[in-house]
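One structure below.
As the structure lists them, so they are numbered: ligands from 1, and atoms in each ligand from 1. Position 1 is the first residue of the sequence; numbering continues from there. A quick note: this is a predicted structure, and the numbers were derived from the prediction, not measured.
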Amino acid sequence: MSVHSEVKKVTTNTLQKMKSSGEKISMLTAYDFSFAKIIDGAGIDVILVGDSASNVMAGHETTLPITLDQIIYHAQSVIRGIDRCLVVVDLPFGYYQSNSEIALASAIRIMKETGAHSIKLEGGSEVIESVKKIVSAGIPVMGHLGLTPQSIYKFGTYTVRAKEEAEANKLREDAKLLQETGCFAIVLEKIPALLAKEVSQSLSIPTIGIGAGGECDGQVLVMHDMLGINTEFKPRFLRQYLNIHEQATKAVQQYISDVKSKNFPNENEQY
Ligand code: KIV
């Protein structure tokens with residue numbers, strides 16, 4: 001028996017079974033080895049190497065600047081830290097919208113160079129040829145509807161999407177289309193909870209919500225937001241489980257004080 005078979009890995013089939021049995025899917029973002037190790041070790045079902053790395057790792061205002069090479073670097077680091085969870089990697093802006101050949105080449109680079117298990121891309125009918133091409137190459141695809149941050153300059157704001165009937169109808173149709181085209185799951189971001197519930201119940205594949213209420217089949221948050229590393233972003237949907245920013249600031253201040261006062265290092269901390 002191979003050593004690799006000892007850990008029961010989460011696969012896209014596992015997520016499908018979880019939807020069928022009513023067990024909620026837990027998903028968090030991660031971008032590096034150390035946090036991926038903590039998150040996977042804690043028992044998460046899915047890690048998303050999100051293009052939110054552009055914001056929380058690189059300090060950009062939007063997700064648009066991150067490149068394919070950069071997301072590949074983050075995904076390679078995450079993969080080295082995990083044993084069990086499913087890893088999904090975002091296709092960055094500009095690497096799948098123009099045509100499906102470019103989309104497939106981008107997805108293949110991610111799968112080949114990182115060892116990740118699947119990719120995610122934003123949009124519905126506009127990107128369906130790319131979804132089709134990637135799925136037909138055997139690469140699992142997660143969709144992403146509602147607030148799609150790569151289109152922020154089209155929306156103009158990060159407010160709740162699909163409140164109007166026309167946009168809600170487009171989202172319903174896009175969700176069906178993504179499912180028919182072979183997506184294994186769909187992220188629903190910042191849409192009314194009732195719409196998310198209806199879409200989740202109408203699909204056979206799982207939905208993963210962020211700011212989309214409790215009736216999605218799973219939930220995702222950006223790790224830096226839920227751990228309180230980044231404290232400036234406080235939308236209503238966010239539950240903050242720690243305040244690392246405050247704790248880390250106090251720890252660093254204590255260290256500075258210990259160095260200045262010659263309290264660090266002490267006799268036991270030297271050779
Ligand atoms: O990049 C990201 O973190 C995401 C989540 C918000 C779903 O796409």
Side-chain angles (χ1 to χ4, degrees), residues 15 24-32 35-36 39 44-68 70-75 77-78 85-97 106-107 110 114 116 118-124 127 131 140-152 155 157-162 171 174-175 178 183-191 196 199-200 206-213 216-227 229-230 232-240:
L15 303 191
K24 297 283 185 183
I25 297 162
S26 59
M27 172 160 135
L28 278 175
T29 65
Y31 318 96
D32 71 342
F35 271 113
I39 292 171
I44 203 82
D45 298 311
V46 185
I47 283 181
L48 168 66
V49 184
D51 58 1
S52 48
S54 179
N55 309 105
V56 298
M57 298 300 288
H60 291 295
E61 239 176 68
T62 73
T63 58
L64 277 71
I66 195 165
T67 66
L68 189 58
Q70 287 165 343
I71 204 103
I72 284 173
Y73 167 77
H74 287 297
S77 310
V78 164
C85 69
L86 182 84
V87 175
V88 184
V89 181
D90 261 335
L91 270 185
F93 175 69
Y95 295 92
Y96 62 96
Q97 290 91 348
S106 309
I110 288 176
T114 73
S118 58
I119 63 101
K120 173 165 87 57
L121 50 74
E122 297 180 3
V127 293
V131 175
V141 176
M142 180 180 275
H144 184 155
L145 298 173
L147 177 63
T148 46
Q150 291 180 12
S151 305
I152 186 57
F155 299 144
T157 124
Y158 286 101
T159 51
V160 180
R161 304 303 314 171
L171 189 143
D174 280 342
L178 289 172
C183 283
F184 71 91
I186 302 176
V187 166
L188 298 176
E189 180 164 355
K190 230 171 169 187
I191 62 170
V199 170
S200 302
T207 60
I208 317 276
I210 173 163
C216 293
D217 302 302
Q219 297 292 325
V220 56
L221 284 176
V222 170
M223 178 197 83
H224 284 62
D225 301 335
M226 63 83 75
L227 292 181
I229 298 172
N230 163 29
E232 283 143 37
F233 183 64
K234 284 203 168 135
R236 173 168 156 181
F237 68 77
L238 174 65
R239 189 176 296 177
Q240 198 181 306

Do [X] side-chain atoms and [Y] backbone N/O form a donor-acceptor pair below 3.5 Å?
X	Y	result
Thr63	Ser52	no
Glu122	Gln150	yes
Asn230	Asp225	no

For the ring pair His224 and Tyr31, is the centre-to-centre distance below 6.0 Å?
->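 When the ring centroids of His224 and Tyr31 are compared, they turn out to be within the sub-6.0 Å range.
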Heavy atoms from other residues, nucleotides or ligands near OH of Tyr158 exceed 12 (cutoff 6.0 Å) |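 Above 12, so yes.
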Considering all heavy atoms, the nearest Tyr96-Val127 contact =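 Distance-wise, the nearest heavy atoms are CE1-CG1, 3.9 Å.
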Please tabulate protein-ligand N/O pairs under 3.5 Å for ligand 1, atom names and distances to 0.1 Å.
residue: ligand 1; atom: 1 (O); partner: Asp51; partner atom: N; Å: 3.2
residue: ligand 1; atom: 1 (O); partner: Asp51; partner atom: OD1; Å: 3.0
residue: ligand 1; atom: 1 (O); partner: Ser52; partner atom: N; Å: 3.1
residue: ligand 1; atom: 1 (O); partner: Ser52; partner atom: OG; Å: 3.2
residue: ligand 1; atom: 1 (O); partner: Asp90; partner atom: OD2; Å: 3.1
residue: ligand 1; atom: 3 (O); partner: Ser52; partner atom: OG; Å: 2.5
residue: ligand 1; atom: 8 (O); partner: Lys120; partner atom: NZ; Å: 2.9

